[in-house]
Protein chains: 2
Amino acid sequence: MRSPNDSPTSSSGDNALIRKLERFSALACGDRLALDDLARTCEWVPPDRSIVTEGDASGAVLPLLEGLAYRHKDFRDGRRQIISLLVPGDMCGGHGRLSRPTNYGVRTLTRCKIARISRQGFVHLLDSHPAIAEALNEAALVEEAVLRTWIVNLGQRHAHERMAHLLCEWAQRMADCGRLLAHGGFELPLTQQGLGAALGLTSVHVNRVLQRLRAENLVAFQNGTVRIFDFDRLRAVADFDPAYLSARVLREASPALPMD
Amino acid sequence: MRSPNDSPTSSSGDNALIRKLERFSALACGDRLALDDLARTCEWVPPDRSIVTEGDASGAVLPLLEGLAYRHKDFRDGRRQIISLLVPGDMCGGHGRLSRPTNYGVRTLTRCKIARISRQGFVHLLDSHPAIAEALNEAALVEEAVLRTWIVNLGQRHAHERMAHLLCEWAQRMADCGRLLAHGGFELPLTQQGLGAALGLTSVHVNRVLQRLRAENLVAFQNGTVRIFDFDRLRAVADFDPAYLSARVLREASPALPMD
DNA sequence: CGGTTGATTGAGGCTGCTCAAAAGGTGTGG
DNA sequence: CCACACCTTTTGAGCAGCCTCAATCAACCG
């Protein structure tokens, strides 16, 4: 028996990292134990704190075990871009064998539980648990797909389409990690300024776009909580196809390919 | 002795994939031989041809050995986003152990030499050559950094800054793979419409932006060739920091991290 | 030589930005 | 409990960066 509230430093049986990696690769018991071990050297960070600062070269590997966070890049003149949103199971820093100074920062949105592993320990983990290495690898490829989708979003879509797409993607990801609220809504703990930084828009325009989506009875955003009223129509506006997020996967090799 | 022009199917001693991977990991002789082997089952593709179409699930792994190409996403209504530019050594398709249908297409810019490996063969390559697996991994992380930078570019920069950044990045990458021309310029075989598709701009505006950069004596673009007149000033306009492209690397683990 | 593709230029319009101010909300201290 | 500060949201007015549409020009090619 375990109490339902996981106390800060206990390794809960419900490890987000394990849950995520199991979407990509069958983990043996030993793999799971190793991952649970990480949760022993973890810390809680309050909301709106910097976890990684641009140029950070500490080399630590920082899996996000609980809470929400984001990667961002700040400019001297105040411009700011949110590069990706992080859910439990994602990595805050680089996840390769080699350590490289980051060209981005990471901040918490909510209170976060973060493990801290030395690069050395991480490399050892990969070497002694190939299944973990493989799963992390595949996870990185999905992350890449998300980045590509953001590029398309920023490059080609209008403000309201962009917003719709962000909300669709976030809805899917939050559902995937079991974070839907009772009424089917979900957290998105950003201010309108924050949404602007994610979408390449000003907060003023974000406000107007949200009003429009609300007026069209598609979605409401209030106090960091989103409720989607008509997912199908929102998806149509966003031209959202969730395939890139899924870990669905085909294990095979095959023959021809169209070379038109 | 080997003739200087590499004929289509001969494995040239100068394999772009090897050159690239060696930036990330020390390859043993056997690793290099295995990579050279790939060049035996390769094909030449003419310019402006589709290599991978969206939704492709063939599962083939397609390293680009020679030539230039790009990843892109097309919309039904004609909008089009170029997601990344590919140089020799890059992968055209997915490069994981698992095969997933692509949500993008790949087209050639110039004539391209492309190896074709079954997913099965690729997995076997990774399993039997850990150094290759590691190098591919690190390469994927650099690619991720490029995607992040494009997001920042599209989200926050004005048209002329975006253009400047693209040109700086491309200059660096072309230099890194030994593709600078005699006068220090380099190929960028895109039409102005193509540049627009990469930058989220219309070709009309691309044209005006290029005129402005030319008028400011920063750079000239003609016939798919770029000449940069004042790299320092261009870099300042673009706010370009090449660090994210480099394979420069620190092998260590280390202690503290700012937790402001 | 006509046909096609890409570059260039112009005019006008819309999306999204800037600047500014007011309105709500929340926490703090008196 | 009110006053105050601070932050976020909301609204308005005006502007501009970039787009749309359209036409011309240049280069290439069968």
Side-chain angles (χ1 to χ4, degrees), chain A residues 46-49 75 77-82 107 109-110 153-166 187-216 219-227 237-238, chain B residues 46-49 70 75 77-82 107-110 153-166 187-216 219-227 237-238:
Chain A
D48 197 27
R49 290 295 172 82
F75 290 68
D77 62 13
R79 284 183 283 182
R80 207 164 77 89
Q81 177 69 35
I82 290 179
R107 289 185 79 86
L109 284 170
T110 65
N153 211 22
L154 290 169
Q156 297 302 324
R157 289 200 250 263
H158 286 187
H160 67 283
E161 301 170 321
R162 259 185 247 182
M163 177 67 77
H165 196 282
L166 178 72
E187 271 186 288
L188 178 54
L190 286 171
T191 63
Q192 294 183 5
Q193 199 156 88
L195 283 173
L199 295 170
L201 301 170
T202 58
S203 63
V204 172
H205 205 58
V206 164
N207 184 282
R208 291 178 170 136
V209 165
L210 286 174
Q211 283 180 53
R212 170 172 168 185
L213 293 178
R214 175 67 250 248
E216 290 170 338
V219 61
F221 174 85
Q222 233 173 16
N223 284 328
T225 298
V226 180
R227 302 189 51 168
V237 169
Chain B
D48 197 26
R49 290 295 172 82
Y70 63 95
F75 291 68
D77 62 12
R79 286 184 280 183
R80 206 163 77 91
Q81 177 69 37
I82 290 179
R107 287 185 80 86
T108 57
L109 284 170
T110 65
N153 210 24
L154 290 169
Q156 297 302 322
R157 290 199 249 264
H158 287 185
H160 66 283
E161 301 170 321
R162 258 184 248 182
M163 176 68 76
H165 197 282
L166 178 72
E187 270 186 290
L188 179 53
L190 285 172
T191 63
Q192 293 184 5
Q193 198 156 88
L195 283 173
L199 296 169
L201 301 171
T202 58
S203 62
V204 172
H205 204 61
V206 164
N207 184 283
R208 290 176 171 137
V209 165
L210 285 174
Q211 282 180 54
R212 170 173 168 183
L213 292 177
R214 174 69 249 250
E216 287 169 339
V219 62
F221 175 85
Q222 235 173 15
N223 282 329
T225 300
V226 180
R227 302 190 51 169
V237 169

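If you're wondering where the values come from, they're calculated on a predicted model, not measured in any experiment. Scope of the values below: all heavy atoms of this structure, side chains included, with no hydrogens, waters or symmetry mates. Each chain gets a letter, A, B and so on, in the order its sequence line appears, and its residues count up from 1.
- Following rounding to the nearest Å, Arg157(B) (CZ) and dC17(C) (C1') show an atom-to-atom distance of 19 Å.
- Shown here for Phe75(B) and Arg157(A), the closest heavy-atom pair between the two residues is CE2-NH1, 3.2 Å.
- The interatomic distance linking Gln211(A) (CD) with dG16(C) (C1') rounds to 15 Å, in whole Å.
- Regarding Gln193(B), its CD atom lies at a distance of 14 Å from the C1' atom of dC19(D), rounded to whole Å.
- The separation between Arg79(B) atom CZ and dC18(D) atom P is 18 Å, rounded to whole Å.
- Taking for each of Asn223(A) and Gly200(A) the nucleotide of DNA chain C with the nearest heavy atom, the 5'-most of the two is the partner of Gly200(A).
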Using the rule given for side-chain contact (heavy atoms from CB on, under 4.5 Å), can you reason through Glu187(A) versus Leu109(A), listing the C-alpha separation, both sets of side-chain angles and the distance that settles it, and then say yes or no? CA-CA 10 Å; Glu187(A) 271 186 288; Leu109(A) 284 170; over 6 Å; no

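- Not one side-chain nitrogen or oxygen of Thr191(B) sits closer than 4.0 Å to the OP1 or OP2 atom of dG6(C).
- Nearest nucleotide to the Arg208(B) side chain, out of dG12(D), dC19(D), dG16(C): dC19(D).
- Within the structure, a side-chain polar atom (N or O) of Gln192(A) is placed less than 4.0 Å from OP1 or OP2 of dT10(D).
- Distance from the side chain of Val204(A) is smallest to dG12(D) among dC18(D), dG12(D), dT9(C).
- The distance between atom CD of Gln156(B) and atom P of dC18(D), rounded to the nearest whole Å, is 13 Å.
- Here the P atom of nucleotide dC18(D) and the CG atom of Leu199(B) are 11 Å apart, to the nearest Å.
- As rounded to whole Å, 13 Å separates atom P of dT15(C) from atom CZ of Arg162(A).
- Taking side-chain N and O atoms only, Asn207(B) has no distance below 4.0 Å to OP1 or OP2 of dA7(C).
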Val209(A) vs Leu195(A), side-chain contact (heavy atoms from CB on, under 4.5 Å): CA-CA, chis, key distance, verdict: CA-CA 11 Å; Val209(A) 165; Leu195(A) 283 173; over 6 Å; no

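- The CD atom of Glu161(B) sits 12 Å away from the C1' atom of dG17(D) (whole-angstrom rounding).
- Rounding to the nearest 0.5 Å places CZ of Arg208(A) at 11.0 Å from CD of Gln192(A).
- Among the candidates His205(A), Glu216(A), Arg212(A), the single residue satisfying the side-chain hydrogen bond (donor to acceptor under 3.5 Å, both in side chains) test with His160(A) is Arg212(A).
- Relative to the side chain of Leu201(B), the nucleotides dC18(D), dA7(C), dT11(D) differ in distance, and dC18(D) lies closest.
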